[in-house]
Amino acid sequence: METIAIPIEEYDELKRKAEAYDKMNIGASVGGKKSSSNLTPEQRSERAKKAVAARIAKYGQKSRKG
């Protein structure tokens, strides 16, 4: 990995933003895992299908290479 030099003020700002982002996402991750653990495999599958349909509706179908 290459080392670069940036002003300390810029570094401090980037570090502050990264820490805020990490704190913001902690609760969502825990909540999703907890609610998912209470579902049956069929319910999880149904949720996943709905999520895929919503993404396709929003962004369009992406081709899959396989």
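Worth knowing before you read on, the calculation uses all heavy atoms, side chains too, and leaves out hydrogens, waters and symmetry mates.
Here Y59 sits alone; no ILVMFWY side chain lies under 4.5 Å from its own, so it joins no hydrophobic cluster.
Among pairs with a residue in residues 8-18, those fulfilling side-chain hydrogen bond (donor to acceptor under 3.5 Å, both in side chains) read E13-R16, at least two apart in sequence or across chains.
Residues passing the salt bridge (charged side-chain N to carboxylate O under 4.0 Å, His left out) test with E46: none are found, sequence neighbours excluded. Shown here are the side chain to side chain contact (heavy atoms under 4.5 Å, CB included) partners of K58, two or more places apart in sequence or in another chain: there are none. Scanning for side chain to side chain contact (heavy atoms under 4.5 Å, CB included) contacts around T40 gives E42, Q43, with sequence neighbours left out.
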